[in-house]
Amino acid sequence: MRPKENIEKFVRVRKPHVTTSRQMDKRTLDDSFAAMEQTIRTKSAEHKPSVQRISILSRMIKLTAAAAVIIVTTGLIAVFVDRGIGEKPDTNTVSEIVKSPVEMMTAMSLERAFQRGGIEAVEEQSRKAFRPLGLKPKNLSFDQILAEFNGNCHSTGRTRL
Amino acid sequence: MRTIGNKRLRKVIYMTLTLLVSTSQVFAYPPDNAAVLYYRACQWYRAEPDMERMLSDLSRGKIELNEEIKKLVKNNKRAIDFAIDASGVTNCDWGMDYSKGMATVLRPLHTFKKLATLILADAKIMAEKGDYKSAIDLCLSVERFARHVNDRNMMNYVFGLAINKEADTHIQDLLANMPEDLEMLIWLKNQLAQIDSESFSFKSCVDDANEGAILFMMKDNIKGLLPIENWEVPSSLSKIAEKWILAADEEFSAGNRAYWKRLIGNIEAALDMPYTKAYAELKRLCEKPEKDIIENPDATLTTLLLPAFDKSYSAGIRGKNLPNAVRAAIEIYMVKAKTGKLPDALPTGLPTDLFSGKPFKYEKNADGFVLRCRGKDLSKDKIYEYEFKVKK
């Protein structure tokens, strides 16, 4: 007979002669908590990293932090160099980006660029308008080609002249 | 019998016509339109951004001619040849649809300027070889090119003048370094006089802006000015302008056209004034619509469509003043070639300083002479002086 059935039979046939009281319950609970605490302590002691491991871990953290600092600094320098240190951000950039190459090359748009920054600004806008941007898709539909010729770059998802 | 004869005659006529058409196609170079060749030159022009920067530095005198630039010129020989051939053609029709007014899509102006810089680098190479005649010839080609670029529109005018000014800066350098040669100086003077017969006219730019703006001010076209952000006016004004445009009717259109015409009339009148007065008046007139729009809806469309006439007018005077100095200097070099020494005073009847309307102030120095402006460029707050060296 298996032990589970033995216990069931024991409970069924003979009631265990155990007298329960508040003291007994408390003692049982205290013993259980003490045993549990002991178990936890033992386990955590088993998982405690060695000195060598701590050292490797802290070196890795330091390296990661240094790499992160370098990346962020490089990024910031690149942004400042590109914009020109001390220069205010160009508030007109948004409108330039929104415009398609054809829109950028209209007489009025170039005239506005001239008002902003003289002949250099016109030159820059003209250069931007004729500079191929983005990746060329493998296939273009007839509608997309027409849209592009009409200066609607948004419909093709790219800007290329 | 008669039918056979007719057939023969027809055959002969067809064959003659075919022969005439095909031969005219074979020998039709250069074509009768310079623009075709300029476009081809743009098509063949190749330069990395680094090299373009180097070319600009060379043009501004920041660096000397080097092997990389020589290589770039060599690699772009085809583009240069097309542009030079084009400059020799009188007729130049760029195929622009100016009926669209300010919405007209312009040409790749930056490429034209780079192309001119490239030709002038070639002129420097020629000068280095001692072939000053070819070097000057290349500069003159660029001056003709500049006149082709200047075509109705304000931006074409500004770029044309910038290209012309660059060519004159190179002529200024060549005059300083070339051996004294009276014959060549006379030839240069005559060539320039011929080129100058086609002048850069600011008034034609005003006329073009006028036609373009009136087109937008017709009632049916007014809504086409939206979205208002395209016009890059201050946000406080753009809200007012948008409100008026959305409510535009025939009365609004007529009122705006009348306001514009009055302003353009005043601008044209200002162009006949001496530089100082003209610039002040143009500046006042260009700022007027932005002040008026708050109270007067008739100023709405002028606020959006008025070009920066004050700035481009000043850029125009600046662009024409160096050529004037170069032409005056050629006369002084000619005196030197004839007499063996620089004149003590400026000869009379020479091109004047456009900022003051008076002759340049002439001063001799150890290296040659200086032509100094008597008037100030008010848009840059600067008085220019042009230095001409004389080869010892």
| request: Check each atom of B/Lys100 against the heavy atoms of chain A and say whether the ones under 4.5 Å are side chain, backbone, both or neither. | output: neither
| Given A/Glu123 and B/Lys113, is the salt bridge (charged side-chain N to carboxylate O under 4.0 Å, His left out) satisfied, shown in steps? | CA-CA 9 Å; A/Glu123 233 178 306; B/Lys113 195 151 178 283; 3.5 Å; yes
| message | Tell me if the CH2 atom of B/Trp244 is crowded by more than 12 foreign heavy atoms within 6.0 Å. | response | no
| Between B/Ala315 and chain A, which part of the residue has a heavy atom less than 4.5 Å away: side chain, backbone, both or neither? | side chain
| task | Flag the pair B/Lys382 and B/Asp377 as a salt bridge only when some basic side-chain nitrogen lies within less than 4.0 angstrom of an acidic carboxylate oxygen. | result | no
| field | Residue from B/Tyr313, B/Phe309, B/Phe202 passing ring pair (Phe, Tyr, Trp, His ring centres under 6.0 Å) with B/Tyr157 | value | B/Phe202
| said: What part of B/Thr111 gets within 4.5 angstrom of chain A, counting heavy atoms only: side chain, backbone, both, or neither? | reply: neither
| request: Tell me, for B/Leu161 versus chain A, whether the close heavy atoms (under 4.5 Å) come from the side chain, the backbone, both or neither. | output: neither
